[in-house]
Structures are given as structure tokens and as C-alpha cells.
Amino acid sequence: MKPLIREYTNDEILMKDIKSLKDKGIDNKEIYILSHDDDRTDRIAKNVNANTIGLSEQDLTNVLSNIFNKQGDELRIKLQEMGFSQKEAEEYEEDMDEGKVLLIVTNPEKAESFI
């Protein structure tokens with residue numbers, strides 16, 4: 001099943017929603033943060049004990065190819081690795097170009113009613 005995804009422009013609201021998810025029983029292993037700004041992604045993930053899309057979520061071939069890819073390409077590949085189509089990944093990457101941060105929850109059935 002495809003993960004649940006929400007877009008945010010306000011980091012405070014995003015962190016509040018993540019706290020709410022955790023309070024409702026969503027495991028932090030099921031919560032991922034993604035944005036165009038690696039520092040922003042890491043800061044948010046660290047503040048709320050969430051995940052970033054790293055080596056364990058990606059195919060080794062994609063990890064190696066991302067070394068040579070532009071950031072937009074890398075983000076689209078990460079989204080596809082999480083279960084989104086190429087078209088969806090392109091649309092979400094464009095939204096990240098505009099400064100949005102993505103919240104991805106890999107247990108959509110459990111999380112959908114909370115955010």
C-alpha cells in the first residue's frame with residue numbers, strides 16, 4: 001500500500017502533527033521527512049525523532065547513482081523508492097522546489113484519521 005503523504009510549509013505545524021501521530025500510536029519508524037534542504041530535513045527529523053529516507057529505504061543501485069544525480073533527481077528517486085509513481089514523484093518534487101516539506105507515513109491506514 002502506498003504511504004500517506006502530506007505537504008507542509010510551516011515546520012512548527014509539521015512537528016505538532018508528528019507528535020500527534022506518535023501520541024496516537026504511530027511508531028517513529030513509520031514517519032519520514034523529506035525536503036529540498038537537507039539541513040532542514042535533518043533538523044526536523046532530529047527534533048521529532050522521525051526518519052529521513054536513507055540507505056535502508058533505497059535500492060543500492062539508486063544510492064550509488066544518486067551520488068551523481070542532481071538533487072531533484074535524487075528526491076524523485078527517493079519518493080519512487082517509498083512507493084510513489086514517477087509522475088507523483090515529479091509533482092511532489094516540484095512542491096519541494098517551492099519550499100514545502102513532505103511528511104510520509106508508511107502505515108497509511110493507521111495514520112490517515114489523525115492528519
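Throughout, residue positions are numbered sequentially from 1 according to the sequence presented.
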[X] side chain near [Y] side chain, heavy-atom distance below 4.5 Å:
X	Y	value
Asn49	Ile31	no
Thr9	Leu14	no
Met1	Pro108	yes

(request) Would you sort out whether Ile26 and Ile18 count as a side chain to side chain contact (heavy atoms under 4.5 Å, CB included), showing the intermediate values? (result) CA-CA 9 Å; Ile26 305 293; Ile18 291 170; over 6 Å; no
Minimum heavy-atom separation for [X] and [Y], please, with both atom names.
X	Y	value
Thr41	Thr52	CG2-CG2, 3.5 Å
Leu79	Glu93	CD1-N, 4.3 Å
Ala111	Leu4	CB-CD2, 3.8 Å

Between [atom1] on residue [X] and [atom2] on residue [Y], distance to nearest 0.5 Å:
X	Y	atom1	atom2	value
Glu7	Leu103	CD	CG	11.0 Å
Thr106	Ile5	OG1	CD1	12.0 Å
Leu102	Met96	CG	CE	4.5 Å
Arg6	Lys100	CZ	NZ	13.0 Å
Asp97	Tyr92	CG	OH	15.0 Å
Lys29	Asn51	NZ	CG	9.0 Å

(message) I'd like to know if the side chain of Lys110 and the backbone of Gly25 have a donor-acceptor N/O pair within less than 3.5 Å.
(response)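 The answer is yes, because a donor-acceptor pair under 3.5 Å joins these two groups.
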(message) Has Glu30 got a side-chain atom pairing as donor or acceptor with Asp27's backbone, closer than 3.5 angstrom?
(response)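 Checking the backbone N and O of Asp27 against the side chain of Glu30, a donor-acceptor pair under 3.5 Å is found.
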(request) Output all residues satisfying salt bridge (Lys or Arg N to Asp or Glu O under 4.0 Å) with Lys19, sequence neighbours left out; order by chain, then residue number. (result)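 By the salt bridge (Lys or Arg N to Asp or Glu O under 4.0 Å) rule, Lys19 matches Asp23.
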(message) I'd like to know if Ile13 and Val105 are part of one continuous hydrophobic network [Ile/Leu/Val/Met/Phe/Trp/Tyr, side-chain heavy atoms within less than 4.5 Å].
(response)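 In one cluster with Val105: Ile13, yes.
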(message) So, using ring-ring contact (aromatic ring centres under 6.0 Å, His included) as the criterion, who are the partners of Tyr8 when residues are at least two apart?
(response)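 Tyr8: no ring-ring contact (aromatic ring centres under 6.0 Å, His included) contacts found.
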Could I get the full list of side chain to side chain contact (heavy atoms under 4.5 Å, CB included) partners for [X], not counting sequence neighbours?
X	result
Glu90	Arg76, Gln86
Arg40	Asp11, Ser35, Asp37, Arg43, Ile44, Val101
Lys2	Phe84, Glu88

(message) Is there a salt bridge (charged side-chain N to carboxylate O under 4.0 Å, His left out) between Glu12 and Lys16? Walk through the geometry before answering.
(response) CA-CA 6 Å; Glu12 301 289 324; Lys16 182 178 149 238; over 6 Å; no
(message) Could you work out, with side-chain hydrogen bond (donor to acceptor under 3.5 Å, both in side chains) as the rule, every residue matching Asp39, not counting sequence neighbours?
(response)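 In terms of side-chain hydrogen bond (donor to acceptor under 3.5 Å, both in side chains), with neighbours along the sequence ignored, Asp39 is linked to no residue.
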